Amino acid sequence: MKRFITLSLVTLFLSSPALAQTPGSRPTRIQEAWQQVYKDNPDLPLENQYVNRETGKVDPNNTLVSRLVRYHYFIKGRPVNYRLDWKYTIADFLGANELMSAGTYPGAENLRKNPFESDRAIIQKLNRKQRDALIQSLVNVFTPR
């Protein structure tokens, strides 16, 4: 029993959702990755005008990219350092892979208005070059140099 508890605690610690573990590098915080992606893609809309239900104030850190990252990592459980997995996530937004649920989308519970439809529409309006640049930025953020 003691061995099971120890193993469970080790597993829980190693799979902590607060950090994305990339081999041989300092972990990138999931909550901070969006900032670098916007530096790489300044034309990408922030979409951070949504009001937090608890505070009643606009949450400037709740951006399109931060929700995209949370959907990818927390909702779908996909690794953050593989290009193909990011392509699957973008395909979800395009309606070409897995069905997305508005009720489980990041922001659905803590924002007054669910950004689900708006975020999908924005991703769908991006051309292939813009989508590829977004994906490459996401991979770069989480992959060691």
Side-chain angles (χ1 to χ4, degrees), residues 6-145:
T6 304
L7 183 58
S8 296
L9 290 173
V10 168
T11 303
L12 180 65
F13 177 75
L14 292 176
S15 64
S16 172
L19 300 174
Q21 303 291 328
T22 54
S25 74
R26 190 178 126 245
T28 300
R29 290 194 165 283
I30 294 289
Q31 298 88 341
E32 297 166 0
W34 64 270
Q35 296 168 340
Q36 184 60 46
V37 173
Y38 279 111
K39 285 180 186 175
D40 295 344
N41 302 280
D43 295 335
L44 196 63
L46 281 171
E47 285 298 301
N48 64 344
Q49 74 275 13
Y50 294 96
V51 177
N52 187 299
R53 282 187 185 166
E54 289 182 19
T55 65
K57 296 180 181 179
V58 172
D59 185 357
N61 294 326
N62 197 325
T63 65
L64 168 67
V65 174
S66 70
R67 291 186 297 272
L68 175 74
V69 171
R70 286 182 286 160
Y71 170 80
H72 178 89
Y73 188 70
F74 295 116
I75 305 298
K76 299 310 289 181
R78 294 175 178 146
V80 293
N81 55 334
Y82 296 109
R83 184 175 178 79
L84 181 61
D85 288 298
W86 285 109
K87 286 190 171 229
Y88 284 140
T89 293
I90 296 299
D92 291 350
F93 279 80
L94 299 175
N97 190 33
E98 294 183 19
L99 291 176
M100 295 177 72
S101 170
T104 59
Y105 188 71
E109 293 182 4
N110 65 330
L111 300 175
R112 286 188 183 162
K113 182 181 178 209
N114 189 343
F116 174 71
E117 291 297 332
S118 176
D119 288 358
R120 282 191 69 186
I122 290 167
I123 297 294
Q124 290 173 356
K125 287 181 185 175
L126 297 177
N127 61 40
R128 173 175 250 154
K129 185 176 179 181
Q130 292 169 317
R131 289 192 311 263
D132 284 344
L134 171 60
I135 290 167
Q136 190 59 53
S137 294
L138 289 161
V139 171
N140 290 346
V141 165
F142 294 108
T143 303
R145 304 226 186 289

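Computed from a predicted structure; not experimentally measured.
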Quiz item: Which of these passes side-chain contact (heavy atoms from CB on, under 4.5 Å) with Pro106: Tyr71, Phe116, Phe74, Tyr73?
Solution: Tyr71

Minimum heavy-atom separation for [X] and [Y], please, with both atom names.
X      : Y      : answer
Ile90  : Leu134 : CD1-CD2, 4.1 Å
Pro60  : Asn48  : O-ND2, 3.1 Å
Pro45  : Ile122 : CG-CG2, 3.8 Å
Glu54  : Asn52  : N-OD1, 2.7 Å
Ile123 : Leu94  : O-CD2, 4.0 Å
Arg53  : Glu109 : NH1-O, 3.2 Å

Self-check item: Chi angles and distances behind the side-chain contact (heavy atoms from CB on, under 4.5 Å) call for Thr89, Leu68
Solution: CA-CA 8 Å; Thr89 293; Leu68 175 74; 3.8 Å; yes

Whether [X] side chain and [Y] backbone form a donor-acceptor pair below 3.5 Å:
X      : Y     : answer
Gln36  : Ala33 : no
Arg112 : Val51 : no
Arg67  : Asn62 : yes

Between [atom1] of [X] and [atom2] of [Y], what distance do you get to the nearest 0.5 Å?
X      : Y      : atom1 : atom2 : answer
Ile135 : Leu126 : CD1   : CG    : 10.0 Å
Ile75  : Met100 : CD1   : CE    : 9.0 Å
Arg29  : Gln35  : CZ    : CD    : 12.0 Å

Quiz item: Strictly by modelled atom types, are Arg70 and Gln31 linked by a side-chain donor-acceptor pair under 3.5 Å?
Solution: no

Indicate yes or no: at least one non-hydrogen side-chain atom of [X] is less than 4.5 angstrom from one of [Y].
X      : Y     : value
Asn41  : Val65 : no
Arg78  : Asp92 : yes
Ser118 : Glu47 : yes
Tyr38  : Leu64 : yes
Trp34  : Asn61 : yes

Self-check item: Candidate list Trp86, Tyr105, Phe93, Tyr88, test ring pair (Phe, Tyr, Trp, His ring centres under 6.0 Å), partner His72, passing option
Solution: Trp86

Practice problem: Run the numbers on Val80 and Ile30 for side-chain contact (heavy atoms from CB on, under 4.5 Å), then give the verdict. | Solution: CA-CA 9 Å; Val80 293; Ile30 294 289; 4.1 Å; yes

Self-check item: Criterion side-chain contact (heavy atoms from CB on, under 4.5 Å) on Gln136 and Asp132, from CA distance to verdict
Solution: CA-CA 6 Å; Gln136 190 59 53; Asp132 284 344; over 6 Å; no

